[in-house]
Amino acid sequence: MKKNFCYKMLFGCLMICICISSAMAKEKKLTDKNESAPIIIIAVDQVSSYQIYSKELPGLQRFLAESACGLMNIRSLAGYTGTSGYLTLSGGKRAYNNINSGITFYPEEELKQGTARNYYEWLNGREIKKNSEKVIIPEISFLTKSKSTQANPDTYGLLGSRMRNKGWKTIVIGDLDTNNKKKRPGGLILTDQDGVLDQGYFGGLVNEKARDFPYEYRLNIPQVIKIMKKHTLPKQLILVDFTDFARLQTSYKDILPKQYEKLLTTTWLRFDFFLQKVLESWSPKEATIILITPSIARYTQLKNDSLGLMAIRSQGMPPGLIKSGTTNWEGLVANVDFLPTILQMAQLELSTSIAGRRIEALEKTNHLAYLRKLNQKIITVFGSYRNLLNLYITIVNIVWLAFLAALFWRRGWWAKGLLLLTYSIPLALLIMPLLPKSCWNEWGLVGLFLSLLIISIRFKNFYHQYLGLTLLFWLVIVIDQLTGWQLIRFSPLGYSPIYGSRYYGIGNEYMGIFLANSLILSHLLYNYFWPKKEVVVAVLGISVCILGWPGLGVNFGGTLAALIGFSFYIFRLYNFKWFTSQKAGLVFLVFFGLIMLVGLFDSLRPTESQTHFGKFFQMILLNNQGEIWQIIFRKLQMNFKLLLFSAWTRVILLAGLVSLVVKYYFKKNFGEEGERLLPAAILVSGGAAFFLNDSGVVAFGTCLSYGFSFLLAFLLEKNQIKKES
């Protein structure tokens with residue numbers, strides 16, 4: 001017995017080593033080496049990636065063809081619009097703040113409170129020299145003290161401060177001024193932590209009269225190009241805020257549709273003319289040019305078009321796709337990657353406190369066609385995923401209630417069929433991306449899970465039916481994690497690149513299902529097909545590796561939940577004594593040691609390759625208690641919010657209600673004494689996932705939606721066997 005146990009522990013260590021060796025393979029990275037060249041940022045507000053990639057304009061197409069391009073998550077559906085989009089770009093954090101004032105001013109501009117200089121000095125206690133070319137953001141104190149930034153008071157102004165310390169100058173060009181209000185959010189990208197920029201050009205210096213355009217003026221393109229040429233010198237960081245789209249968007253509700261489309265078409269042509277002038281004026285050797293969309297118009301979100309764009313034209317970054325360690329997704333980056341990318345171009349050190357990762361360029365032929373296809377695919381998924389999730393949750397609720405009706409009427413055969421159907425839906429949602437995009441809807445899902453149901457019922461034996469579905473799901477999700485998350489990324493139960501909470505690995509939805517799936521697969525194999533305990537150790541060991549390794553599932557909370565739930569199952573299977581057995585202590589030490597090794601390995605990898613597990617482990621090593629507690633508080637806050645409003649809460653409550661009715665009204669148990677280990681292990685794993693994840697309600701709900709459906713079917717099967725005997 002002792003020898004066999006040692007073999008099992010060696011097998012588990014071997015699996016870890018295999019994962020380590022596969023994850024340490026490194027890819028060739030192409031980064032910008034033109035560190036002293038001027039950097040020109042062209043911010044095009046209120047425009048989405050789909051709009052840009054769908055335009056057949058010569059200047060725009062040439063710029064994109066010569067650049068490393070990609071989609072960019074701007075967290076727009078969580079409130080990151082307008083000013084907040086600029087704040088996040090400049091801070092490298094999930095910054096949010098909605099300021100309604102002018103933001104960036106010349107020191108001598110008149111405000112309601114006096115001059116901008118007086119207001120700034122009164123708010124901040126700092127002096128601004130007279131006759132200075134600098135421009136200021138008086139409300140910088142409000143930004144740093146506001147509720148949304150208390151956990152990270154140094155978030156805003158990181159870019160401007162670090163660039164200035166290395167001799168860079170910051171210049172902002174353009175405004176969103178209206179007839180009665182001054183609004184210049186572009187300065188928020190380049191400001192330092194004192195709210196100061198080196199120079200700014202607003203109002204009549206950059207605008208021209210246009211009677212047919214909202215507020216009767218728009219960007220003066222020749223004048224802007226002239227100003228840009230004046231400042232295109234080494235170590236100059238220039239932001240050009242092309243605000244015509246945003247200014248037009250402010251009048252969207254007031255302008256007749258035909259007139260709006262006419263003005264929009266004219267604006268696109270002017271923007272294309274501007275890009276052509278930029279391309280004529282600067283080669284990639286002379287200046288690094290970044291095209292970025294800080295936020296998108298709200299009306300496009302109604303069309304599920306909620307991604308922005310980032311394109312970088314620079315020496316050392318060949319045309320192709322962009323990628324970052326934040327997303328691990330070719331052609332998709334996050335807005336928080338903007339700050340570390342600029343710092344990298346200027347050869348400045350990256351701080352571990354910055355949320356984003358620097359962007360790399362990956363050579364790819366025909367990259368624009370790839371991005372158009374990817375963008376359309378994401379829009380299609382996002383447009384249907386809420387309806388598909390609601391359909392799944394509704395089916396689960398109805399079938400569980402139908403189960404109670406079947407017990408009451410003592411007609412369980414049809415309830416068994418419904419439960420088998422419910423059990424097949426997570427697999428159908430996982431493989432749905434293999435179908436044509438026209439099938440990514442409710443009818444496509446119904447056709448898919450009915451096909452799985454028909455195939456399953458061809459096997460007359462109950463255990464063959466569930467083993468087939470369970471094993472197939474386990475294999476598909478394991479293979480998908482090993483091959484780069486190609487299915488789960490586009491699954492309705494996967495993570496949304498538009499919401500941006502997760503981009504890679506196994507998300508909490510499928511993590512909860514995978515916990516229950518691994519336990520059910522182990523239980524079926526051991527009890528009904530292959531009565532060797534090594535099978536249980538192998539399946540659960542591989543599942544833990546898939547969940548936790550940085551190059552695979554990357555779900556730290558899920559890994560801990562798996563270790564707790566799987567250990568519970570194995571300990572009970574081997575009849576270990578919890579507190580007195582040396583073997584139990586050895587298992588705990590091995591598990592704890594492996595977690596520490598994985599965390600240490602991840603934290604020692606390059607910053608752009610680290611996962612959130614490695615970053616968290618690094619915080620522990622650096623004793624960064626403030627940020628650790630901030631993460632814990634945010635997770636608790638998110639769980640509490642989801643507990644109140646998530647549809648998965650109803651699934652959890654219904655599972656508890658059905659269990660009580662089954663036990664106390666129908667006087668039935670989920671299996672005999674020796675068969676209650678599986679329900680207990682599923683409950684322990686799901687409960688651990690609930691407490692250890694920021695969206696633990698989702699993980700627990702999905703764990704029960706899958707595992708509890710099996711347990712109900714298992715109960716009906718056992719009762720039927722009893723009747724027949």
Side-chain angles (χ1 to χ4, degrees), residues 393 396-397 399-400 403-404 419 422-423 426 466 470 473-474 508-524 526-527 536 539-540 543-544 547 555 557-576 578 584 587 591 639 642-643 646-693 695-718:
I393 293 173
V396 169
N397 291 336
V399 170
W400 287 359
F403 164 82
L404 294 179
L419 287 166
T422 305
Y423 194 75
Y466 277 90
T470 307
F473 178 91
W474 189 85
N508 286 329
E509 289 85 352
Y510 269 117
M511 177 268 286
I513 295 174
F514 191 57
L515 292 175
N517 170 267
S518 300
L519 288 167
I520 294 170
L521 179 60
S522 302
H523 189 81
L524 289 174
Y526 173 68
N527 287 280
V536 175
V539 171
L540 297 183
S543 297
V544 170
L547 279 169
N555 196 309
T559 304
L560 294 179
L563 290 175
I564 293 171
F566 295 175
S567 297
F568 174 85
Y569 188 89
I570 292 174
F571 279 27
R572 293 282 298 272
L573 184 68
Y574 280 91
N575 293 317
F576 286 165
W578 289 94
V587 171
F591 283 162
N639 245 346
L642 288 173
L643 191 63
S646 175
W648 294 108
T649 301
R650 295 193 291 273
V651 173
I652 297 170
L653 295 176
L654 183 59
L657 176 63
V658 172
S659 298
L660 292 174
V661 173
V662 168
K663 183 175 180 60
Y664 294 105
Y665 182 80
F666 293 105
K667 308 297 183 182
K668 297 182 183 297
N669 293 312
F670 292 98
E672 303 298 333
E673 186 65 32
E675 297 171 336
R676 296 178 193 171
L677 174 56
L678 177 62
I682 291 175
L683 190 61
V684 169
S685 299
F690 174 80
F691 289 106
L692 295 171
N693 289 273
S695 53
V697 174
V698 175
F700 193 19
T702 54
C703 180
L704 290 179
S705 71
Y706 190 84
F708 195 60
S709 295
F710 171 80
L711 295 175
L712 295 179
F714 185 75
L715 188 150
L716 289 176
E717 174 68 15
K718 285 296 179 181

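In what follows, every heavy atom counts, from backbone to side chain, and hydrogens, waters and symmetry copies are set aside.
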[X] vs [Y] side-chain heavy atoms within contact, under 4.5 Å:
X	Y	value
Leu404	Val662	yes
Cys703	Ile682	yes
Leu519	Val539	no
Leu712	Val658	yes
Tyr706	Thr422	no

### Message
Assess the residue pair Leu419 and Phe710 against the criterion (side chain to side chain contact (heavy atoms under 4.5 Å, CB included)); give the C-alpha distance rounded to whole Å, side-chain angles, the decisive distance to 0.1 Å, and a yes or no.
### Response
CA-CA 7 Å; Leu419 287 166; Phe710 171 80; over 6 Å; no
Interatomic spacing from [atom1] in [X] to [atom2] in [Y] - rounded to 0.5 Å:
X	Y	atom1	atom2	answer
Leu560	Ser685	CG	OG	12.0 Å
Thr702	Asn517	OG1	CG	11.5 Å
Leu711	Ser659	CG	OG	8.5 Å
Leu515	Leu540	CG	CG	10.0 Å
Phe514	Leu521	CZ	CG	9.0 Å
Thr559	Met511	OG1	CE	8.5 Å

### Message
Tyr574 vs Tyr569, test: side chain to side chain contact (heavy atoms under 4.5 Å, CB included). Steps then yes/no.
### Response
CA-CA 9 Å; Tyr574 280 91; Tyr569 188 89; over 6 Å; no
### Message
What I want to check is whether the side chains of Trp648 and Ser705 have a donor and an acceptor closer together than 3.5 Å.
### Response
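No, no side-chain donor-acceptor pair sits under 3.5 Å.
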#### Entry: Trp400-Phe708 aromatic ring centre distance below 6.0 Å
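For Trp400 and Phe708, the ring centres are under 6.0 Å apart.
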### Message
I'd like to know whether the aromatic ring centres of Phe714 and Tyr466 sit less than 6.0 Å apart in this structure.
### Response
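Between Phe714 and Tyr466, the centre distance exceeds or equals 6.0 Å.
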### Working for side chain to side chain contact (heavy atoms under 4.5 Å, CB included), residues Phe700 and Val651
CA-CA 9 Å; Phe700 193 19; Val651 173; over 6 Å; no
### Task
Report the C-alpha distance between Ser543 and Trp474 in whole Å, list the side-chain angles of each, state the deciding distance to 0.1 Å, and finish with yes or no for side chain to side chain contact (heavy atoms under 4.5 Å, CB included).
CA-CA 9 Å; Ser543 297; Trp474 189 85; 2.9 Å; yes
### Query
Considering residues at least two apart in sequence or located in another chain, which fulfil the side-chain hydrogen bond (donor to acceptor under 3.5 Å, both in side chains) criterion with Thr470?
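Once residues adjacent in sequence are excluded, the partners of Thr470 under the side-chain hydrogen bond (donor to acceptor under 3.5 Å, both in side chains) criterion are Tyr423.
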